[in-house]
Amino acid sequence: MASAFNVWLERILACGESVQTEPPPQTLPPAATALLQDAFQAFSLDVAGPVVAFHAEAAGRAALVLAHHCWAVANGFDTATGFDPGSEPIHAAEYLSSDLMLRYLPIVYRRTLSRSAGSELVAEQEKLLRSRPLSGVLADLDGEPI
């Protein structure tokens, strides 16, 4: 039986919908990496230039970050429950692998902004989006990327 997180992951990757029945985990469940890798293979076909390798840790971390932010918005929390997004990407593989999931964060950001402008959650999302320019450009933020 698939974990609730893996069911969420499959749905968001297939339909762009976040439907969560329980809080997201702190660590990636089994089989999630394979789902992310399969999705990355299709996602990366739209990227011009040489092939960029899949970075499992960055993709998994981004999936958890997105899940925690979706859960926080849906439940009216002021932060993403203290979830640490980890270190900033360094290599192209880390950026592109994290963008597989963080490309959905601008939608979550707009919903957060409409519900609780000025909250700590909005600030967390803006910081994340500014540090990931491929996803951040979709958010139409004022100011420059980090």
Side-chain angles (χ1 to χ4, degrees), residues 2-116 119-141 145-146:
S3 72
F5 181 82
N6 288 353
V7 171
W8 170 83
L9 186 58
E10 288 174 341
R11 186 168 186 165
I12 200 157
L13 287 167
C15 307
E17 298 174 343
S18 175
V19 177
Q20 295 170 300
T21 57
E22 61 186 47
Q26 294 294 320
T27 59
L28 210 60
T33 301
L35 291 170
L36 290 166
Q37 187 168 17
D38 289 346
F40 180 82
Q41 296 309 317
F43 173 67
S44 64
L45 291 175
D46 292 332
V47 177
V51 174
V52 177
F54 175 67
H55 193 281
E57 184 179 343
R61 193 60 136 166
L64 290 168
V65 165
L66 180 65
H68 280 268
H69 279 273
C70 288
W71 183 258
V73 172
N75 290 284
F77 299 148
D78 290 333
T79 69
T81 62
F83 185 78
D84 178 16
S87 61
E88 298 295 320
I90 297 172
H91 304 289
E94 292 174 279
Y95 275 105
L96 190 59
S97 296
S98 65
D99 279 332
L100 170 66
M101 296 306 299
L102 294 182
R103 63 187 162 146
Y104 299 107
L105 189 59
I107 299 164
V108 177
Y109 169 73
R110 285 190 285 280
R111 178 163 287 174
T112 308
L113 199 56
S114 71
R115 291 182 178 187
S116 54
S119 72
E120 188 175 329
L121 188 58
V122 168
E124 287 175 29
Q125 291 171 1
E126 286 178 353
K127 182 180 178 188
L128 270 168
L129 289 164
R130 287 185 197 291
S131 70
R132 307 300 198 284
L134 296 175
S135 297
V137 72
L138 301 172
D140 197 29
L141 298 171
I146 297 174

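Just so you know, residue 1 is the first one in the sequence shown, and it goes up from there.
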Going by side chain to side chain contact (heavy atoms under 4.5 Å, CB included), name the residues that satisfy it together with [X], two or more places apart in sequence or in a different chain.
X      : result
Ala32  : Phe5, Asn6, Leu9, Leu28, Pro29
Glu120 : Thr79, Glu124
Ala139 : Pro106, Tyr109, Leu129, Leu141

For Ala63, does its backbone N or O pair with a side-chain atom of His68 as donor and acceptor, under 3.5 Å?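 Such a contact is absent between His68 side chain and Ala63 backbone.
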
Per the ring pair (Phe, Tyr, Trp, His ring centres under 6.0 Å) rule, what does the pair list look like for residues 11-38, sequence neighbours excluded?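 Pairs touching residues 11-38 that pass the test: none.
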
Give every residue pair that meets the ring pair (Phe, Tyr, Trp, His ring centres under 6.0 Å) criterion with at least one member in residues 12-41, sequence neighbours excluded.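 Every ring pair (Phe, Tyr, Trp, His ring centres under 6.0 Å) pair that includes a residue of residues 12-41, provided the two are not neighbours, is Phe40-Phe54.
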
For residues 11-24, which side-chain N or O atoms pair as donor and acceptor with protein atoms under 3.5 Å away, sequence neighbours left out?
unit_1 : atom_1 : unit_2 : atom_2 : d
Arg11  : NE     : Glu17  : OE1    : 2.9
Arg11  : NH2    : Glu17  : OE1    : 2.9
Ser18  : OG     : Trp8   : NE1    : 2.8
Gln20  : OE1    : Trp71  : N      : 3.2
Gln20  : NE2    : Ala67  : O      : 3.1

Are there over 12 heavy-atom neighbours, none belonging to Asn75, within less than 6.0 Å of that residue's CG?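 For Asn75, atom CG is crowded (more than 12 foreign heavy atoms under 6.0 Å).
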
Check whether more than 12 heavy atoms from other residues, nucleotides or ligands sit under 6.0 Å from atom CZ of Arg130, and answer yes or no.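 Counting neighbours around CZ of Arg130, more than 12 heavy atoms of other residues, nucleotides or ligands fall under 6.0 Å, so yes.
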
Return the minimal non-hydrogen interatomic distance between Leu121 and Ala72, and the atom names on each side.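 Answer, listing the atom of Leu121 first, then Ala72: CD2-CB, 3.9 Å.
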
Can you give me the closest heavy-atom contact between Cys70 and Val108, atom names plus distance?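 Scanning both residues, the minimum pair turns out to be SG-CG2, 3.6 Å.
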
Listed pairs under 3.5 Å, donor-acceptor, residues 94-103 side chains, sequence neighbours left out:
unit_1 : atom_1 : unit_2 : atom_2 : d
Glu94  : OE1    : Ile90  : N      : 3.0
Glu94  : OE1    : His91  : N      : 2.9
Ser97  : OG     : His55  : N      : 2.8
Ser97  : OG     : Ala93  : O      : 2.7
Ser98  : OG     : Glu94  : O      : 3.1
Ser98  : OG     : Tyr95  : O      : 3.0
Asp99  : OD1    : Ser135 : OG     : 2.4
Arg103 : NE     : Leu100 : O      : 2.7

Could you tell me if the side chain of Arg110 sits less than 4.5 Å from the side chain of Ile107, heavy atoms only?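 A side-chain contact exists here, since the closest heavy-atom pair is under 4.5 Å.
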
Salt bridge (Lys or Arg N to Asp or Glu O under 4.0 Å): pairs with one or both residues in residues 30-59, sequence neighbours excluded: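 Of all non-adjacent pairs touching residues 30-59, none passes salt bridge (Lys or Arg N to Asp or Glu O under 4.0 Å).
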
Consider side chain to side chain donor-acceptor pair (under 3.5 Å). Of Gln125, Glu126, His69, which one does Thr112 pass it with?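 Answer after filtering Gln125, Glu126, His69: Gln125.
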
Can you name the residues that form a side-chain hydrogen bond (donor to acceptor under 3.5 Å, both in side chains) with Ser44, not counting sequence neighbours?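 Result, side-chain hydrogen bond (donor to acceptor under 3.5 Å, both in side chains) vs Ser44: none returned.
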
